[in-house]
Amino acid sequence: MSVENVDVLIIGAGPSGSVAASYLHNNGFKVKVVEKNIFPRFVIGESLLPRCMDHFAEVGLLDCLKKRNYEVKQGARFLRGDEVCNFDFSKKHTKGWDWTWQVPRADFDKTLTDELLSKGVDIEFEEEVVAVNFNDDGSSETTIKNKLGENRTVRAKYIIDSSGYGRVLPRLLDLEKASELLDQSSIFTHVKDVNRPEGWEGTRITFDVIDLRTWLWVIPFSNGITSIGYVGSSEFLKSFKGSSSDKLRETLKLSNYYKERFEDVEFQFKPIEISNYSKSVKQLYGNGYVLTGNSAEFLDPVFSSGVTFATESALLAAKLITKSLQDETVDWELEYSDHMKNGVGVFETYVKEWYTGNLQKLFFHTPENPEIKKQICSVLAGYVWDETNPFVKNHHRLVKAVAYVIDMEKEKSE
């Protein structure tokens, strides 16, 4: 069995793995990226947040993405019947990027890996991690199987698990933990958006709220394709019978706003169903490894946080590994785990309060409170580590408190 020695082995070549690989390569380390699939390949997580633009810029991956002319995302729209709530990223509490993209991930992820390959980063596709052995000093020997079924060994000083939904190390090291979020499921596909309206209406990412736990996403891409998908309780989505195409066509009838636009459109692929999608882990790092992105935590997609957490965690992990390899002391609990848990905790609160209805009360309340809306907009833009924002610092209680005030005002007016 052949043996290869590297400084850092990265499992997964999506945005998380690409950001980590780019940073480490730029700093002179020998990196190897192994990816189970061959790119391009379909994956969800097509709506980005402005915060992740900071990460792509810092590691030198922004210019290659700009050349792709993806659909610009300047905010997001939430609908609930006749009620409309628009968020504009230029009107937020925290300074930072005012826009990002809506992207077909197959093209987006391949653009990243093509750029890395052109820079000399070692990326191997169709390579599966089947076993890992960690030594007392944190170094490791990883057994990797190629598409021919042949095994080889990669020795590394550190491993970054950016395997996303594959969750390689959580499975191999028994790190899986049940999520505290609701049991939600989704069904989704892409369509050729032949009825897309001209201008802003046709390009705006929209979340159409059907009821407290059910909503439709509509994510238009610049290539004329639109991503559509329903999220709802697992029990509710299971109540629809027939094929996945039959189920999605029936759920599309629930949207008064979009049912005509998507009534007879052709599905680009058989709709995919994912059940009980929220995931968690017992720990985010260990001796010689760190988990990033969806390998660590996958939240409900209602606020499009997936790629942002992936790139935030990847860049931070790469920086801390750089320090460690340069013989600097790293407090992984404080500098990595606490930081990531703080950000995830903010979004977890927003996800939970969305499904209790409290956050929906804030979104659709009229008249709007401009200052509160700016603060919430910063969270939706991914700036969830800015503790000058009351809706970040006091997220555990503030959403509930404002919702309570809204209820009290409503009672007085009745």
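Since this is a predicted model, take the numbers as computed values, not measurements.
Of the possible donor and acceptor atoms, none in the side chain of S22 sits under 3.5 Å from a partner among the backbone N and O of S18. Distance alone, capped at 3.5 Å, places no donor-acceptor pair between the Y383 side chain and the K92 backbone. A donor-acceptor contact shorter than 3.5 Å is absent between the side chain of R152 and the backbone of K145. A donor-acceptor contact shorter than 3.5 Å links the side chain of K373 to the backbone of N86. Proximity of a side-chain donor or acceptor of Q102 to a complementary backbone N or O of T203 within less than 3.5 Å is detected. A donor-acceptor pair under 3.5 Å is absent between the side-chain atoms of Y158 and the main chain of Y289, judged by distance alone. A donor-acceptor pair under 3.5 Å links the side-chain atoms of S378 to the main chain of H93, judged by distance alone. In this structure a side-chain-to-backbone donor-acceptor pair under 3.5 Å is missing from T206 to V218. A distance-only check finds a donor-acceptor pair linking the side chain of Q283 to the backbone of Y285 [under 3.5 Å]. With hydrogens and angles disregarded, a donor-acceptor distance shorter than 3.5 Å links the side chain of E335 to the backbone of D331.
Separation of atoms NE2 (H25) and CG (D7) is listed at 12.5 Å; rounding is to 0.5 Å. Here K110 contributes atom NZ and E115 contributes atom CD; the two are 12.0 Å apart, rounded to the nearest 0.5 Å. Considering CG of L216 and NZ of K259, their distance stands at 13.0 Å, rounded to 0.5 Å. A distance of 9.0 Å separates CG of L212 from CZ of R80, quoted to the nearest 0.5 Å. Atom CG of L112 sits about 9.0 Å away from atom CZ of F39, to the nearest 0.5 Å.
Residues L24 and I160 are in side-chain contact: their nearest non-hydrogen atoms beyond the backbone lie under 4.5 Å apart. Put simply, the side chain of W332 reaches to within 4.5 Å of the side chain of I321, judged on heavy atoms. Here the side chains of T111 and Y70 are in contact, with some heavy-atom distance below 4.5 Å. Residues L48 and V103 are in side-chain contact: their nearest non-hydrogen atoms beyond the backbone lie under 4.5 Å apart. For the pair T189 and F267, the minimum side-chain heavy-atom distance is below 4.5 Å. When side chains are defined from C-beta on, V132 counts as touching L169, because their heavy atoms get closer than 4.5 Å. Contact of the I228 side chain with the V191 side chain is registered, since non-hydrogen atoms from C-beta on lie closer than 4.5 Å. Y336 is listed as a side-chain neighbour of S313, based on a closest heavy-atom distance under 4.5 Å.
No hydrogens or angles considered: nothing links the side chains of W385 and N342 as a donor-acceptor pair under 3.5 Å. K73 and S47 share a side-chain donor-acceptor pair at under 3.5 Å. For the residue pair S139 / R155, no side-chain donor-acceptor distance below 3.5 Å is found, with atom types taken as modelled. For the 3.5 Å distance criterion, the side chains of T292 and S162 qualify, holding a donor opposite an acceptor. Under the 3.5 Å distance criterion, with hydrogens and angles disregarded, no donor-acceptor pair is assigned to the side chains of E333 and H339. A donor atom on one side chain and an acceptor atom on the other are not found under 3.5 Å apart for R213 and S233. Between the side chains of N369 and E371, no donor-acceptor pair is found at a separation under 3.5 Å.
Contact detail for R249 and E263: the closest heavy-atom pair is NH1-O, 3.5 Å. L49 approaches L380 most closely through the heavy-atom pair CD2-O, 3.1 Å. Contact record, R105 with I44: NH1-O, 3.0 Å, taken as the closest heavy-atom pair. Contact detail for P271 and L248: the closest heavy-atom pair is CG-CD2, 3.8 Å. Counting all heavy atoms, side chain and backbone alike, R196 lies closest to F221 at NH1-O, 2.9 Å. The shortest non-hydrogen separation linking T311 to C52 is OG1-CB, 3.4 Å.
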For a salt bridge (Lys or Arg N to Asp or Glu O under 4.0 Å) check, start with the C-alpha distance between K400 and E353, then their side-chain angles and the critical distance, and finish with the verdict. CA-CA 8 Å; K400 288 187 179 73; E353 296 296 354; 2.7 Å; yes
Criterion side-chain hydrogen bond (donor to acceptor under 3.5 Å, both in side chains) on E46 and S227, from CA distance to verdict: CA-CA 8 Å; E46 301 151 326; S227 173; 2.6 Å; yes
Before you tell me yes or no, could you show the steps for K253 and E250 under salt bridge (Lys or Arg N to Asp or Glu O under 4.0 Å), namely the whole-Å CA-CA distance, both residues' side-chain angles and the distance that decides it to 0.1 Å? CA-CA 5 Å; K253 295 176 182 178; E250 284 301 306; 2.9 Å; yes
side-chain hydrogen bond (donor to acceptor under 3.5 Å, both in side chains) evaluation trace for N146 with E127: CA-CA 5 Å; N146 66 18; E127 302 260 323; 5.0 Å; no
Give the C-alpha distance, both sets of side-chain angles, the deciding distance and a yes or no for side-chain contact (heavy atoms from CB on, under 4.5 Å) between L252 and Y258. CA-CA 7 Å; L252 283 170; Y258 282 110; 5.9 Å; no
Given ring pair (Phe, Tyr, Trp, His ring centres under 6.0 Å), test F309 with F347 step by step and report yes or no. CA-CA 10 Å; F309 279 129; F347 263 117; 5.5 Å; yes
Show, in sequence, the C-alpha distance, side-chain angles and deciding distance for I159 and V8, and conclude whether the side-chain contact (heavy atoms from CB on, under 4.5 Å) test is met. CA-CA 6 Å; I159 296 177; V8 183; over 6 Å; no
Report the C-alpha distance between E312 and R51 in whole Å, list the side-chain angles of each, state the deciding distance to 0.1 Å, and finish with yes or no for salt bridge (Lys or Arg N to Asp or Glu O under 4.0 Å). CA-CA 8 Å; E312 176 84 25; R51 171 59 181 158; 2.9 Å; yes
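The aromatic ring centres of F78 and F364 sit 6.0 Å or more apart. Taking the centre of each ring, F108 and F56 come in below the 6.0 Å mark. Between F363 and W354, the ring centre distance stays below 6.0 Å. For F42 and H190, the distance between ring centers is under 6.0 angstrom. In this structure, W217 has its ring center closer than 6.0 angstrom to the ring center of F188.
Taking 4.0 Å as the cut-off between side-chain N and carboxylate O, D246 and K241 do not count as a salt-bridged pair. In this structure, D386 does not pair ionically with K393, as no charged nitrogen and carboxylate oxygen lie closer than 4.0 Å. R77 has no carboxylate O lying under 4.0 Å from a charged side-chain N of D208, or vice versa, which leaves the two without a salt bridge. Salt bridge status for K91 with D98: absent, with no side-chain N to carboxylate O gap under 4.0 Å.
Residue-environment remark: CD (E83) exceeds the threshold of 12 foreign heavy atoms within 6.0 Å. The number of heavy-atom neighbours closer than 6.0 Å to NZ of K32, taken from other residues, nucleotides and ligands shown, is above 12. Residue K192 places its NZ atom among 12 or fewer non-hydrogen atoms of other residues, nucleotides or ligands, all under 6.0 Å distant.
For the ring-ring contact (aromatic ring centres under 6.0 Å, His included) condition, no pair includes a residue of residues 387-408, sequence neighbours left out.
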